[in-house]
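The structure appears right after this line, and notes come after that.
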Amino acid sequence: MPLLDYDNLKVTAATEIQNNLRENIIVKPREFPINIIAGADISFNKFSTTVYAGVILLQFPELVPVGYSVIKKEVLFPYVPGYLAFREVPALMEAWDNLPQKPDLLVVDGHGIAHPRRMGIAAHFGVVAGTPTVGCAKKVLCGQFEEPASIKGSHSPLIFKNEVVGAALRTKNAVKPVFVSPGHLMDVPSTIDIISQCIGRYRLPEPTRMAHNLVNQFRLGEISEGYTDLRQLPM
DNA sequence: GCGACAG
DNA sequence: ATCTTGTCGC
């Protein structure tokens, strides 16, 4: 795996990297079993260059946490819409490398191919790590969609440049939908299928929601840096 | 030029 | 993303 040092990149160089990595994205129906699904997210204090990254592993389809990895890192690349990966992927990759075991599918907080250059953070991470990923975002970055029916489970296509790049998925009755899209080694139908099975009682699908809680607890000092296999805790 | 703009 | 109180609706 290449060293991920994006801190000194200019946006023009980052665009070039996205255009090159794009050639490696594989969008296709899921063709592997899922026993472990994971959620990845970042947390940080406003105006700080320290980011708290984490990945949480969940047994699938039970959605009970079985392990996690969290790490703190300094990041200089700024948040620029369309270039989120250059700010968050390096830290997420460190957390990923330290996991007690790798998941069958990773749900990244942000978009996959529902991106101006088809290289949202989920696609970027999937290609660099060589692992199946999907993106789950709370807001649209690009593309058009019609409001899905207000009942949980409803979804409508997210279209960008005449192409279906993802879906608006209603995860809770009468609550704003989330936007899901394939990252790597997945396609739109497979993404909708799996994320639909990750819906609990909240707006955010369990992998994303638990990853968000994890990195927030880490940032607030409620848990310490490192990794844990929750299946073998001392008793 | 104008509006939009993941986290 | 983070901060932050009350308020509306199922």
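- Contact annotation for A/Tyr83: base contact, defined as any heavy-atom pair under 4.0 Å involving a base atom.
- Note on A/Arg117: every side-chain N or O is 4.0 Å or more away from OP1 and OP2 of B/dA6.
- In this structure, A/Tyr79 does not reach the C/dA1 phosphate: none of its side-chain N or O atoms is under 4.0 Å from OP1 or OP2.
- When the P atom of B/dA6 is taken as reference, atom NE2 of A/His111 falls 7 Å away, rounded to whole Å.
- A/His212 comes within 4.0 angstrom of the backbone, heavy atoms only, and of no base.
- The pair A/Glu163-A/Arg118 meets the salt-bridge criterion, since a charged nitrogen lies less than 4.0 angstrom from a carboxylate oxygen.
- Along DNA chain C, the nucleotide closest to A/Arg219 and the one closest to A/Asn173 are compared, and the more 5′ of them pairs with A/Arg219.
- Rounded to whole Å, the distance from CD1 on A/Ile121 to P on B/dC5 is 19 Å.
- Listed for the A/Ser190 side chain is no donor-acceptor partner under 3.5 Å among the backbone atoms of A/Met186.
- Within 4.0 Å of A/Val140, counting heavy atoms only, lie sugar-phosphate atoms of the nucleic acid but no base atom.
- Connection of A/Ile71 to A/Phe44 is not established within any shared hydrophobic cluster, with ILVMFWY side chains joined at heavy-atom distances below 4.5 Å, either directly or through further cluster members.
- Counting any heavy atom pair closer than 4.0 Å across all strands shown, A/Ala174 reaches no nucleic acid atom.
- In this structure, A/Gly82 reaches the bases: a heavy-atom distance under 4.0 Å links it to at least one base atom across the strands shown.
- Counting non-hydrogen atoms under 4.0 angstrom, A/Lys139 reaches the backbone sugars and phosphates but no base.
- Ring stacking is absent between A/Phe179 and B/dA6, as the pair misses the limits of under 5.5 Å between centres and under 30 degrees between planes.
- Checking the phosphate oxygens (OP1, OP2) of B/dG7, a side-chain nitrogen or oxygen of A/Lys138 falls inside 4.0 Å.
- The side chain of A/Asn216 contributes an N or O atom lying less than 4.0 Å from OP1 or OP2 of C/dT2.
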From CA spacing to verdict: ring-ring contact (aromatic ring centres under 6.0 Å, His included), A/His124, A/Tyr6:
CA-CA 13 Å; A/His124 190 125; A/Tyr6 295 150; 5.7 Å; yes

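- A donor and an acceptor atom, one from each side chain of A/Thr49 and A/Glu74, are located under 3.5 Å apart.
- One atom, CZ of A/Phe77, and another, C1' of C/dA1, lie 16 Å apart when rounded to the nearest Å.
- A straight line from CE of A/Met119 to P of B/dG7 spans 17 Å, rounded to a whole angstrom.
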